Amino acid sequence: MRPAFSSSMLAALAAIALAPSARAQDQAVIDGARKEGRLVIYTGVERAAAQVVIGAFQKKYPFIAAETVRASSSKLATRLDAEIEANRVQGDLIEFSLLYLTTSLAQRGELLRYDSPEYAAYPKDYSAPGYWAASGVSNIIILINTRKVDAANVPQSWWDLAKPYWKDKLTIDNLEVSGTGYNWLTAVVNTPGLGWSYIEALGKNKPGLERGHAGMAQKVAAGEYAGAAEMSDFHLKNLRDAAASVPLRGVWPKEGVPSEPWTTAILKRAPHPNAARLFLDFLLSREGQTLYVETMGWSSARADVPHPGFKEMPAQVTTLASRLSAEESLRVRDDYVAKWKQAWGLGKNLPN
Amino acid sequence: MEAGVGPRQEPAQLSPPAAQAGASRRIPAIKLTLEQATSIAACALLTWLVLYPLAVLVIGSLRTDLPMRAGRFTPANFLALFAEPANQEAILNTFISSGLATVLAVIIGMTLAFITSRTDAPGRAFFDNAFVLPYYLSPFIGAIAWTLLANPRVGFLNSLLTGIFPIEHAPLNIYTLGGLVFVLALYYSPIVFLFGAGALRAMDPALEEAARMNGAGALATALRVTLPLVTPAVGSAALLVFLNAAGQFGIPAVIGIPMHYEVITTRIWIGLGYFPPRYGEAAAFAVVLLLVSAMIMFLQQRHLARRSFVTVSGRGYRPSVVQLGALRPIAAAACVLYLLVSIVLPYGALLFTSFQPYLSFAFEPAQWTLRPYAEVLLNNPLTVRAIRNSLLLATGGATLTILFALVISHIVTRTRLAARHAVDILATLPAGVPAVVFAVALLWSYIFLPVPIYGTIWMLLIAYVSHYIPFGVRAATAGLAQVSSELEESARIHGAGAFATLWRIVIPLIKPALAAGWILMFVEFIRSLSLSILLYSDDSIVMPVVIYELYETGAYPALAAFSVLQTILVFAAILGARKIARLDSLMQLR
């Protein structure tokens, strides 16, 4: 499934997709949202990018004061659980990269059912209509510092990072707590030709464990590490926006890259459910997605929203077909994390 | 510490017993009732602010479930705490890093104190002021700055050293026990400096001269006379450093967590971040830390406070000065070195980073930008809110604390009410409770309370005021000690009520002392991470927490810019304190 770049059906789909977004909003929802006046979004996405979309949303609905709470996906999940436990949920909408957590929230009955007309434009792999859809799809790539890595050593394949050249030069997120890191792990180990033997070989180069991809990207830019073994593509965009001259280069290995849906859903206990409905409709609409994709640098699950691209991105990007289902991903988690730690000889104390 | 014990006895000495007895006879009964009512109200408020959370914490640590829920008493929280090797390690680590930091801080602080107090080294007056500054800077920001300086992979200092010297590998690594101890000692040695310099200057030089005249050499005099004389003051300072270091969150969070060196405070924070949050473990940890600090306070009171009171008495001595001769430049160099590593280098690194578009250690003026400042001042709603909240809390909190402290201090030093002892003890108690422990206690006390305080800015206000009452009382007591109670009595004899007397006579007279106390609390509130990090919500987020969040998300330039802004606020407040309190030396601030 390559939702972002298959623009062949764009024209045909656009016609269909435009129809629901042109549909007049249910007046009851708008009135409800006006009464609520507020919206709290729990997001794992960079604040600056999220802010642009929220700004556009507020132009449309100026009576809603929207704010974002940003933290890593795993931290948000922890916080949300605590709030559910105490029945003091403060967030209306979640947006994070832990697909299995979204699914488990749905199973526990903690997601609000809302049949947004926009769901129709989302493929099966990137939505569970009525509950969630991917507000963005990021690719997990390799990031290198161009001042630290000469042209001859720019990796072509994931396997290149297992070469002795990369010893002590790489960073990786703590896969035990990182949403993106874990998604990368499940995709890689289930891809023929990579698998656990790749993870073991990579471990021999002793990647430095860090916490959080934004910080890892900064550290690669600073030259603290020559490369990151797994990195969401939008962090590259984020740093390039800060300075076009940033010495970073993205690498889309020839085997293909894992893709990662950022799941967006409304919480059952949302204090402002109507505002959340309006925001979900807007975020998933073609208009919202076009804006989001442009500011974030990731792709949309909608076929009618093209990817803005990166200059070094190959014309044809293969998505690894090995992404596990949410249920499967949750089921094998403990097992995978233990296996990874064992392969790399890691103890109990990992960065949180 | 000394100030709290010292001046309290003075009012009695200032007004003759006869006058006081006469005055109290003439004060109408109704006024006494007002005083009594005030003292009872103060007692009740203190019980709520201080005693209630601590009691909930201690009781809660012995229960099976959270406060306000069904449960039974159990030692399980403590058994579980000690059963886990990682927890035992954290407790041991706390003692190791705080102990080593204390030793290093005493060495640094006393060396500096000796140089500026008892030698003819150049620039002593300047250094006297400068050495106090690191205490008011945020130790946590200092730690972040040091990770930029001595990061083993790059880091400004490592790049510099590998550039100058023919060495292959980076020589410095902040992510070591040595690095952690170094940064802790760096920011706590001013405490030792203040206590040490005070003792060295208040010492009667006749004692040393007597030793010299009786044939003792310079070294023998130093070891057998000077050292024993300053020991109580240095001992008090050392215990205070240990207490601060053991209760400190920011430095071990920034330097310890990445190298997997956990201490009690970071362990509490990590435990509360788990799902489900480990409330029981956090409470048990907090009680352990509380016991450690209670032990230290007990030691301090028992063995040091009394002795220091006897040896370091009056003032106006002119201590003998050691002629350094050829060592003068070396002494001055030591002073400069301390300022370099505690202020110039770390804040230079932050300033540099705050003008970069992304984290960079390269000198490329072409790409310097103001973007990070625009980001935190204009674009990020969270940073903007944090600035507003911090300013509100620091201003309101300092005002409330100082006023409440004045009332408390007045009750304790100026009345003979029975409740004054209880008020005194309750108002001193928070000084012995590390900030993180107090935060855990408040978390427990308010999270399930049906009053909507938890998660709001009021929670932080309560935390700040309660925890800093002793701080305010110290300032107010120092002020009151300068005003004879006769002035108040005459006002009241002429018909002014207790509050009118306080408002129109006392406050105007001791304004400088109150203002100095107010501003120092303002500084504490602006930079208080340990107290805020467990209690904030997104609505009530404050500046130090934002810095921590920016650090965690790796937004280094924004983090640096925000730290620079916070530091500017702190500096402005300190300069303000100097001006308002009309101090010649920053050393008088504490």
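In what follows, chains are A, B, ... by sequence order, proteins preceding strands, each numbered from 1. Note that the coordinates shown come from a computational prediction; the quantities given were computed from them, not determined experimentally.
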Taking everything shown except A/Gln342 itself, do over 12 heavy atoms lie less than 6.0 Å from its CD?
no
Between atom CG of B/Asn380 and atom OG1 of A/Thr68, what is the distance when rounded to the nearest 0.5 Å?
7.5 Å
Just wondering, are more than 12 heavy atoms of other shown residues or ligands nearer than 6.0 Å to NZ in A/Lys206?
no
When rounded to the nearest 0.5 Å, the distance separating OH of B/Tyr358 from CD of A/Gln218 is 10.0 Å
Applying side chain to side chain donor-acceptor pair (under 3.5 Å), run through B/Asn151 and A/Glu224 and close with a yes or a no.
CA-CA 8 Å; B/Asn151 178 306; A/Glu224 195 171 326; 2.8 Å; yes
Name the option with the most non-hydrogen atom pairs under 4.5 Å to chain B; the candidates are A/Met216, A/Glu67, A/Gln90.
A/Glu67
Counting heavy-atom pairs closer than 4.5 Å to chain A, which one of B/Thr369, B/Asp539, B/Ile541 comes out on top?
B/Asp539
Go through the atoms of B/Ala366 and report whether side chain, backbone, both or neither lie under 4.5 Å from a heavy atom of chain A.
neither
Pair up each side-chain donor or acceptor in residues 241-248 of chain A with any protein partner under 3.5 Å, not counting sequence neighbours, and list the distances.
from, atom 1, to, atom 2, distance (Å)
A/Asp241, OD1, A/Lys237, NZ, 3.4
A/Asp241, OD2, A/Lys237, NZ, 3.4
A/Ser245, OG, B/Gln367, OE1, 3.2

Just how far is it from atom OG1 of B/Thr553 to atom NE2 of A/His213, taken to the nearest 0.5 Å?
14.0 Å
Considering all heavy atoms, the nearest B/Phe361-A/Ala222 contact
CE1-CB, 3.6 Å
Sequence neighbours excluded and cut-off under 3.5 Å, please list the side-chain donor-acceptor pairs for residues 446-457 of chain B, or say none.
from, atom 1, to, atom 2, distance (Å)
B/Tyr446, OH, B/Trp48, NE1, 3.1
B/Thr456, OG1, B/Ile453, O, 2.5
B/Thr456, OG1, B/Trp458, N, 3.2

Whatever's closer than 4.5 Å to a heavy atom in chain A on B/Ser360 counts as backbone
Tell me, side chain or backbone of B/Pro152 under 4.5 Å from chain A's heavy atoms, or both, or neither?
neither
Heavy-atom distances under 4.5 Å only: say whether B/Gln356 touches chain A with side chain, backbone, both or neither.
neither
